[in-house]
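Before any comments, here is the structure.
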Protein chains: 2
Amino acid sequence: MSQLNNVTPLFRDLAKVEHDHQIACQECALYRLCLPLGLHNNDLAKLDSIIERSKSLTRGQSLFSAETPFKSVFVVRSGCFKTTVDAVDGREQVTGFYFPGEFIGMDAIYQQAYQSSAKALETSTVCELPYDKLQQFSTTIPQLQTQMLNRLSKELSGDKNLMFLLGKKTAEEKLATFLLSLSRRFQERGFSARDFQLSMSRGDIANHLGLAIETVSRLFSRFQDEGLIRIHNKALTLLDIDKLKQLCG
Amino acid sequence: MSQLNNVTPLFRDLAKVEHDHQIACQECALYRLCLPLGLHNNDLAKLDSIIERSKSLTRGQSLFSAETPFKSVFVVRSGCFKTTVDAVDGREQVTGFYFPGEFIGMDAIYQQAYQSSAKALETSTVCELPYDKLQQFSTTIPQLQTQMLNRLSKELSGDKNLMFLLGKKTAEEKLATFLLSLSRRFQERGFSARDFQLSMSRGDIANHLGLAIETVSRLFSRFQDEGLIRIHNKALTLLDIDKLKQLCG
DNA sequence: ACTTTTTATTGATCCAGGTCAATGCGCCTT
DNA sequence: AAGGCGCATTGACCTGGATCAATAAAAAGT
């Protein structure tokens with residue numbers, strides 16, 4: 001029931017939010033998804049020493065925006081974030097949703113200024129990586145540097161796929177693609193690929209996919225009528241993953 | 001006249017294509033736009049030694065595609081390229097156009113496999129940077145590493161803006177934004193911000209902006225009727241840059 | 001110089017998905 | 001448990017830009 005009401009932040013147990021300031025990377029359940037992957041023991045200790053942990057945010061709270069002075073990139077530790085590109089006229093594009101182990105703020109490195117905003121979608125925590133220190137360390141720890149490049153490259157390739165989605169896919173294809181992307185990422189984190197809670201609103205989903213809320217709502221209803229999914233508020237079950245894959249185009 | 005017929009590859013003089021295998025980074029006119037920026041003399045020499053130059057391509061030729069084994073990232077030296085994300089059903093999204101000094105192929109780093117295709121839009125040359133060697137050197141040359149991260153970050157932030165464009169802008173805003181992006185990049189390279197040749201077809205532009213060819217064609221005509229631009233085949237003049245900026249949203 | 005092919009323009013029509021409007025439902029507050 | 005608020009659903013209608021179709025005009029080939 002607490003699951004249905006979305007009271008329990010997703011992944012809380014995975015990241016052990018309650019004691020996170022005490023948890024070193026080595027002990028963190030996110031290790032295999034996170035930056036330190038492949039680092040040797042004493043390199044890991046070095047990295048550990050620069051990470052500022054236990055920054056905690058509640059639903060709707062901003063992690064940073066274009067007005068925040070750039071200092072750090074972040075790794076999601078628990079919960080979920082959305083990032084947006086904001087225009088002066090108030091329009092905004094949700095550029096991504098971020099789950100534990102995923103990086104936020106890397107598009108700020110070049111200009112040394114945040115180019116987008118990040119908001120928590122539920123009670124969430126992050127590990128903060130001060131960029132200047134990260135840069136210092138990556139000189140002496142080649143694997144860290146490799147990992148940073150890999151992270152950036154991965155996000156880049158994800159964004160190219162999103163450009164394809166926004167520019168070429170139909171509404172149906174967009175939503176199917178989105179649901180399967182969530183499914184894959186839940187699975188990577190040890191959760192069910194079939195059953196999970198949507199941490200974002202219909203509005204956020206619609207915005208991200210370049211659709212109207214109403215279109216997303218209608219598609220959810222249609223997918224449900226066709227037996228592809230079962231959705232009740234934010235609780236989602238993927239009933240026919242193969243069929244959804246076909247719909248992705 | 002040769003300019004109108006687009007016989008002369010753009011930027012040829014700038015990059016000195018004819019002798020490019022002899023030109024070291026230090027002597028290259030692209031230096032201030034390119035990777036070696038900020039490197040010390042003997043670091044520069046090291047970098048120089050790993051760069052494979054004078055890879056030359058003609059209009060329509062492929063630099064790489066998803067089938068090509070990953071080995072290198074590339075810097076455009078002269079000419080112009082487009083990159084695409086390709087779907088199995090034949091649909092493709094033009095994810096970007098690349099001018100001298102700009103990087104291609106960085107989204108391949110993470111998977112060590114090209115995620116997109118790159119094609120020359122005219123006679124073009126690239127500097128090839130074998131990734132394994134680049135990685136070796138950046139351990140000993142911190143500035144090189146910083147530069148790589150900056151490049152990736154810059155592309156990332158550009159892609160987020162493209163996501164905003166694709167998801168939220170109207171056809172008019174899309175085209176105005178695109179024209180000004182070209183203008184800015186020509187200017188950065190020492191060319192006129194007002195007069196230049198489009199190296200890409202209407203189809204490529206339309207595809208990139210998530211529009212139909214006909215829409216792009218109609219908008220060019222309308223912008224011309226309204227005195228914003230003058231366009232004849234591929235020769236473009238921006239007559240009212242301020243007004244175009246207003247149209248970007 | 002002539003033919004073929006490709007690319008661009010322009011007009012007419014259509015439709016996927018947006019917008020507007022009404023209603024419903026969950027959830028918070030007191 | 002009643003009222004209020006924000007989010008979600010559903011229906012009716014509309015529209016921006018897609019698609020279809022017909023030329024036209026470059027560019028490429030011979």
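Residue numbers start from 1 in every chain, and the chains themselves are labelled A, B, ... in the order their sequence lines are given, proteins ahead of strands.
- Regarding A:D204, its CG atom lies at a distance of 10 Å from the P atom of D:dC7, rounded to whole Å.
- Contact detail for B:E173 and B:L247: the closest heavy-atom pair is CG-O, 3.0 Å.
- Protein atom CE of A:M200 is 15 Å distant from nucleotide atom P of D:dC7, rounded to whole Å.
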A:D107 vs A:S116, test: side-chain hydrogen bond (donor to acceptor under 3.5 Å, both in side chains). Steps then yes/no.
CA-CA 8 Å; A:D107 53 340; A:S116 38; 2.9 Å; yes
Summarise protein proximity over nucleotides 10-22 of chain D in one line of letters, 5' to 3': B for base, S for sugar-phosphate only, - for none, counting protein heavy atoms closer than 4.0 Å.
BBB----SSBB--
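- Here CZ of A:R184 is found 12.5 Å from CD1 of A:I241. Values are rounded to the nearest 0.5 Å.
- Under the 30°/60° scheme for interplanar angles, the aromatic rings of B:F70 and B:Y114 are found to stand perpendicular.
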Is there a side-chain hydrogen bond (donor to acceptor under 3.5 Å, both in side chains) between B:T58 and B:Q61 once you walk through the steps?
CA-CA 6 Å; B:T58 59; B:Q61 237 188 314; 3.3 Å; yes
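- With 3.5 Å as the limit, one finds no donor-acceptor pair spanning the side chains of A:S199 and A:K234.
- Protein atom CG of B:L198 is 14 Å distant from nucleotide atom C1' of C:dT7, rounded to whole Å.
- In this entry the distance linking CZ of A:R202 with P of D:dG6 reads 18 Å, nearest Å.
- The ring of A:F81 has its center no closer than 6.0 angstrom to the ring center of A:F99.
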Give every pair of a protein N or O atom and an N or O atom of nucleotides 3-5 of chain D that lie under 3.5 Å apart, one pair per line with the distance.
none

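- Look at A:K168 and B:E92 and you find no salt bridge, because none of the NZ, NE, NH1 or NH2 atoms lies under 4.0 Å from a carboxylate O.
- Scanning both residues, A:A87 and B:F164, for their nearest heavy atoms gives CB-CZ, 3.5 Å.
- Between the CD atom of A:E173 and the P atom of C:dG17 there is a distance of 9 Å, given to the nearest Å.
- Regarding B:K168, its NZ atom lies at a distance of 10 Å from the P atom of C:dT19, rounded to whole Å.
- Atom-to-atom, CZ of A:F220 to P of D:dC7 comes out at 16 Å; the value is rounded to the nearest Å.
- Here the C1' atom of nucleotide C:dC27 and the CG atom of A:N233 are 10 Å apart, to the nearest Å.
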